[in-house]
Visitor: 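Quick one: this structure, given as structure tokens, is what I'll be asking you about.
Counting starts at 1 for both ligands and their atoms, in listed order.
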Amino acid sequence: MRKLICRDTIHKRVQEIGAQISDHYQNRPFTCLIILKGSTVFAADLIRAITSEFMDIDFIRLSSYCGTHSTGKVEMLMGELEKFRGRELLVVEDIVDTGTTLSFFLEKLNEIKPASIKICSLLEKKEINKGRVKIDFLGFDIKNEFVIGYGLDMNERFRNLPDIMVYEG
Ligand code: 5GP
């Protein structure tokens with residue numbers, strides 16, 4: 001394992017993003033939609049860096065089935081999303097790699113017509129995503145390496161590490 005981003009650097013950046021988000025929404029109500037499970041640690045810090053008194057939070061689990069066309073599961077997701085109709089949404093993701101997961105989710109989310117959708121991601125592998133998913137509030141651009149820690153896992157392990165590490169086997 002090799003340390004990529006230390007806890008102090010993460011903390012400083014999260015405070016900056018929180019200030020940007022507070023500035024963007026001002027006194028408008030919005031929902032911070034946290035994507036489970038990888039974003040939980042980031043989101044716990046981020047929401048406390050947002051000063052708005054008009055924010056609420058919600059959670060959604062996106063699993064690999066999002067990449068398939070399994071109708072039943074998509075419908076289940078749509079049912080869960082219906083409550084966000086007309087709402088300003090801030091989607092909080094841990095990492096955008098190819099952008100496949102988020103593109104699929106955003107397509108579904110757009111169908112229920114929220115008032116607005118902004119994306120916040122702690123990490124982006126820009127050389128892989130290549131602008132497919134536009135991130136409005138980004139923590140760090142990283143190289144194409146597999147990272148763990150600060151909520152990110154490798155087969156459900158290492159989410160508890162306080163720093164972001166490169167997993168080298
Ligand atoms: P995408 O659909 O953008 O290719 O991948 C998004 C999902 O893949 C992320 O939400 C995350 O669960 C997983 N992922 C992609 N890259 C990494 C990585 O470097 N480390 C970890 N732990 N998960 C990753």
Side-chain angles (χ1 to χ4, degrees), residues 1-14 17-18 20-21 31-47 49-50 57-78 80-81 84 89-112 114 117-169:
M1 269 188 235
R2 169 167 53 85
K3 195 179 286 185
L4 185 67
I5 311 172
C6 74
R7 64 199 80 181
D8 293 344
T9 307
I10 299 170
H11 177 78
K12 191 165 164 286
R13 188 73 190 117
V14 171
I17 302 171
Q20 285 172 16
I21 292 169
T31 297
C32 195
L33 182 53
I34 298 158
I35 301 184
L36 298 171
K37 299 177 188 172
S39 311
T40 49
V41 177
F42 170 46
D45 286 341
L46 181 69
I47 59 172
I50 297 172
I57 65 170
D58 216 322
F59 300 90
I60 195 144
R61 178 92 197 262
L62 294 188
S63 316
S64 46
Y65 67 71
C66 282
T68 74
H69 294 290
S70 174
T71 325
K73 279 168 182 165
V74 173
E75 276 170 10
M76 193 179 76
L77 191 65
M78 291 301 285
E80 285 176 42
L81 296 180
F84 302 122
L89 290 179
L90 175 70
V91 175
V92 179
E93 177 63 301
D94 53 355
I95 183 164
V96 177
D97 186 353
T98 62
T100 313
T101 312
L102 212 49
S103 298
F104 173 83
F105 180 57
L106 291 174
E107 228 175 81
K108 295 289 145 204
L109 207 51
N110 268 309
E111 286 177 27
I112 54 107
I117 304 176
K118 293 281 177 196
I119 310 294
C120 175
S121 182
L122 173 66
L123 303 170
E124 179 186 7
K125 295 179 185 172
K126 274 190 195 286
E127 61 181 284
I128 309 291
N129 180 26
K130 290 195 168 74
R132 258 188 293 265
V133 173
K134 179 183 156 285
I135 299 168
D136 302 285
F137 305 100
L138 175 67
F140 305 94
D141 172 26
I142 62 165
K143 285 196 295 192
N144 186 20
E145 294 176 311
F146 193 81
V147 289
I148 51 170
Y150 197 66
L152 289 143
D153 75 313
M154 199 279 297
N155 293 335
E156 296 299 328
R157 290 167 60 203
F158 307 117
R159 292 192 197 275
N160 54 320
L161 298 177
D163 307 295
I164 295 173
M165 316 284 288
V166 175
Y167 184 77
E168 296 173 315

Visitor: Have a look at Val133, Ile142, Ile95 and point out the one with the heavy atom closest to atom 24 (C) of ligand 1.
Guide: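 Selected option, by shortest heavy-atom distance: Ile95.
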Visitor: Between Lys3 and Asp163, does at least one N-O distance fall below 4.0 Å, as a salt bridge requires?
Guide: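 Result for this pair is yes, salt bridge flagged.
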Visitor: Taking the side chain as everything from C-beta on, heavy atoms only, tell me whether Leu81 gets closer than 4.5 Å to Leu109.
Guide: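 Heavy-atom side-chain distance check passes, below 4.5 Å.
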Visitor: Looking only at distances, can you tell me whether any N or O atom of Gly99, backbone or side chain, sits closer than 3.5 Å to an N or O atom of ligand 1?
Guide: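 In this structure, Gly99 places an N or O atom under 3.5 Å from an N or O of ligand 1.
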Visitor: Of the options Val96, Asp141, Ile95, Thr98, which is the one that meets Asn129 in a side chain to side chain contact (heavy atoms under 4.5 Å, CB included)?
Guide: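 Only one of Val96, Asp141, Ile95, Thr98 forms a side chain to side chain contact (heavy atoms under 4.5 Å, CB included) with Asn129, namely Val96.
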Visitor: State whether the side chain of Thr31 and the backbone N or O of Leu89 hold a donor-acceptor pair below 3.5 Å, judged by distance alone.
Guide: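 Side chain of Thr31 to backbone of Leu89, a donor-acceptor pair under 3.5 Å: no, none is there.
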Visitor: Measure the distance from atom 1 (P) of ligand 1 to every protein heavy atom, then report the residue, atom name and distance (to 0.1 Å) of the closest one.
Guide: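 Scanning the protein heavy atoms, the shortest distance from atom 1 (P) of ligand 1 goes to Thr98 OG1, 3.3 Å.
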Visitor: Give the residue, atom name and distance (to 0.1 Å) of the protein heavy atom nearest atom 23 (N) of ligand 1.
Guide: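 Answer for atom 23 (N) of ligand 1: Phe146 CE1, 3.8 Å.
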Visitor: Counting only heavy atoms, tell me which of Thr101, Asp97, Val96 gets closest to atom 2 (O) of ligand 1.
Guide: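 Of the listed residues, Thr101 has the closest heavy atom.
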Visitor: How does Asp94 reach ligand 1, if at all, at less than 4.0 Å between non-hydrogen atoms: by side chain, backbone, both, or neither?
Guide: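 Side chain only; the backbone of Asp94 stays clear of ligand 1.
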Visitor: Considering only protein heavy atoms, determine whether one is less than 4.0 Å from atom 8 (O) of ligand 1.
Guide: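 No, there is no protein heavy atom closer to it than 4.0 Å.
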Visitor: Backbone, side chain, both or neither: what part of Lys125 comes under 4.0 angstrom of ligand 1, heavy atoms only?
Guide: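 Answer for Lys125: side chain.
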Visitor: Please could you name the atoms of ligand 1 that Leu152 approaches to less than 4.0 Å, counting only its heavy atoms?
Guide: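 What qualifies from ligand 1 is 21 (C), 22 (N).
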Visitor: Contact between Ile164 and Ile142 at the side-chain level, heavy atoms closer than 4.5 Å - yes or no?
Guide: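 A side-chain contact is absent here, since even the closest heavy-atom pair is not under 4.5 Å.
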Visitor: Decide yes or no for Arg13 and Ile5: does some side-chain heavy atom of the first lie under 4.5 Å from some side-chain heavy atom of the second?
Guide: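 Sidechains of Ile5 and Arg13: no contact.
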Visitor: Identify the closest protein heavy atom to atom 20 (N) of ligand 1: which residue and atom is it, and at what distance?
Guide: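 Ranking protein heavy atoms by distance from atom 20 (N) of ligand 1, first comes Val147 O, 2.7 Å.
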Visitor: Do the side chains of Ile47 and Val92 get nearer than 4.5 Å, heavy atoms only?
Guide: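 When only atoms from C-beta onward are counted, Ile47 and Val92 do not touch, as no gap falls below 4.5 Å.
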Visitor: Are Met165 and Phe158 side-chain neighbours, meaning at least one heavy-atom pair lies under 4.5 Å?
Guide: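 Met165 vs Phe158: side chains apart.
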Visitor: At less than 4.0 angstrom from any non-hydrogen atom of Glu145, what atoms of ligand 1 do you find?
Guide: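 With Glu145 as reference, the close atoms of ligand 1 come out as 19 (O).
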Visitor: Measure the shortest side-chain to side-chain distance between Leu123 and Tyr150 over non-hydrogen atoms and say whether it is less than 4.5 angstrom.
Guide: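 Leu123 does not reach Tyr150 side chain to side chain.
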Visitor: Should you measure from each heavy atom of Glu93, which atoms of ligand 1 turn up under 4.0 Å away?
Guide: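 This gives 10 (O) as the contact atoms.
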Visitor: What atoms of ligand 1 come closer than 4.0 angstrom to any heavy atom of Asp153?
Guide: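 Within the 4.0 Å cut-off of Asp153, ligand 1 contributes 21 (C), 22 (N).
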